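Please read these numbers as outputs of a predicted model, since none were measured by experiment.
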Amino acid sequence: MIDRNEIKRAYKEQKPQIGIYKIENKKTGKIFIGGSLNIQARFNRHRMELSTGSEEIRELLDDYKKYGEENFAFSIVDLIKQDDTEPRNYKNELKDLLQMYLEELKPYGEKGYNILK
């Protein structure tokens with residue numbers, strides 16, 4: 001028999017995935033590149049905001065309404081390996097890694113939903 005308490009405990013002990021993620025419009029090929037200290041939670045937030053119309057990225061929201069949920073893919077691009085043996089600033093590492101991917105993929109204008117700063 002499955003011990004529900006054991007499953008809950010194991011879930012709570014899991015570390016969130018830290019890294020870079022992508023939301024891709026399968027119809028147009030446009031992408032959004034983001035970074036998060038908890039990718040799964042960020043995916044959930046994007047999905048909720050898209051479905052309720054409260055997503056801040058207006059062009060992404062407009063395309064989501066136009067093409068539908070089934071035409072968007074959420075995926076992990078890169079993860080930061082977590083290490084408990086020494087203190088690390090994951091926030092700074094994430095910022096640097098995101099900047100690297102933004103420079104490489106250039107998800108702006110016709111190619112993406114990111115806003116060039």
Side-chain angles (χ1 to χ4, degrees):
M1 185 165 169
I2 298 172
D3 182 358
R4 296 179 77 82
N5 290 329
E6 181 65 25
I7 292 171
K8 285 180 187 179
R9 186 190 58 71
Y11 175 77
K12 288 178 181 180
E13 288 178 0
Q14 287 180 337
K15 291 182 183 175
Q17 292 178 309
I18 301 171
I20 306 304
Y21 66 90
K22 173 174 71 172
I23 302 173
E24 181 176 6
N25 181 328
K26 294 189 264 184
K27 289 285 189 185
T28 66
K30 289 181 84 168
I31 60 173
F32 174 79
I33 299 296
S36 180
L37 295 171
N38 186 334
I39 292 175
Q40 195 57 48
R42 190 63 182 114
F43 280 167
N44 291 339
R45 182 174 170 193
H46 274 297
R47 285 186 178 104
M48 188 272 302
E49 290 176 344
L50 287 166
S51 67
T52 61
S54 61
E55 174 63 57
E56 291 180 4
I57 307 164
R58 182 59 44 196
E59 191 176 357
L60 176 60
L61 178 59
D62 291 345
D63 281 358
Y64 187 84
K65 289 177 182 177
K66 180 178 180 179
Y67 297 110
E69 177 183 358
E70 66 277 2
N71 287 303
F72 285 82
F74 292 73
S75 60
I76 295 173
V77 175
D78 199 355
L79 292 173
I80 294 175
K81 186 173 190 230
Q82 298 177 56
D83 182 4
D84 289 336
T85 61
E86 59 184 63
R88 289 170 52 189
N89 188 335
Y90 293 113
K91 193 172 186 177
N92 284 343
E93 287 183 47
L94 182 62
K95 182 180 174 185
D96 293 343
L97 189 60
L98 177 59
Q99 188 59 43
M100 183 189 80
Y101 275 100
L102 291 174
E103 289 173 8
E104 180 181 325
L105 299 174
K106 298 179 182 18
Y108 311 107
E110 297 296 316
K111 290 176 67 179
Y113 299 105
N114 291 78
I115 298 169
L116 188 57
K117 296 179 181 178

Minimum-distance pair of heavy atoms, taken over all atoms of Q40 and R47: NE2-NH1, 4.3 Å
Go through the structure and list residues passing side chain to side chain donor-acceptor pair (under 3.5 Å) with S51, not counting sequence neighbours. none
Who passes salt bridge (charged side-chain N to carboxylate O under 4.0 Å, His left out) against R45, sequence neighbours left out? E49
Please enumerate all residues that pass salt bridge (charged side-chain N to carboxylate O under 4.0 Å, His left out) together with E55, with sequence neighbours excluded. none
Applying ring pair (Phe, Tyr, Trp, His ring centres under 6.0 Å) to Y21 and not counting sequence neighbours gives F43, H46
Non-neighbouring partners of R88 that pass side chain to side chain donor-acceptor pair (under 3.5 Å), sequence neighbours left out: E93
Results of side-chain contact (heavy atoms from CB on, under 4.5 Å) for D96 - residues two or more places apart only: none
Let me have the donor-acceptor pairs involving side chains of residues 59-74, under 3.5 Å, with sequence neighbours excluded, atom names and distances please.
unit_1 : atom_1 : unit_2 : atom_2 : d
E59    : OE2    : K30    : NZ     : 2.1
D63    : OD2    : Y113   : OH     : 2.7
N71    : ND2    : Y67    : O      : 2.7

Holding to side-chain contact (heavy atoms from CB on, under 4.5 Å), I want the full list of residues that pass it with E103, two or more places apart in sequence or in another chain. Q99
Connected-component partners of Y90 among ILVMFWY, side-chain separation under 4.5 Å: I18, I20, I31, I33, L37, V77, I80, L94, L97, L98, M100, Y101, L102, L105, Y108, L116
With N89 via side chain to side chain donor-acceptor pair (under 3.5 Å) - residues at least two apart: none
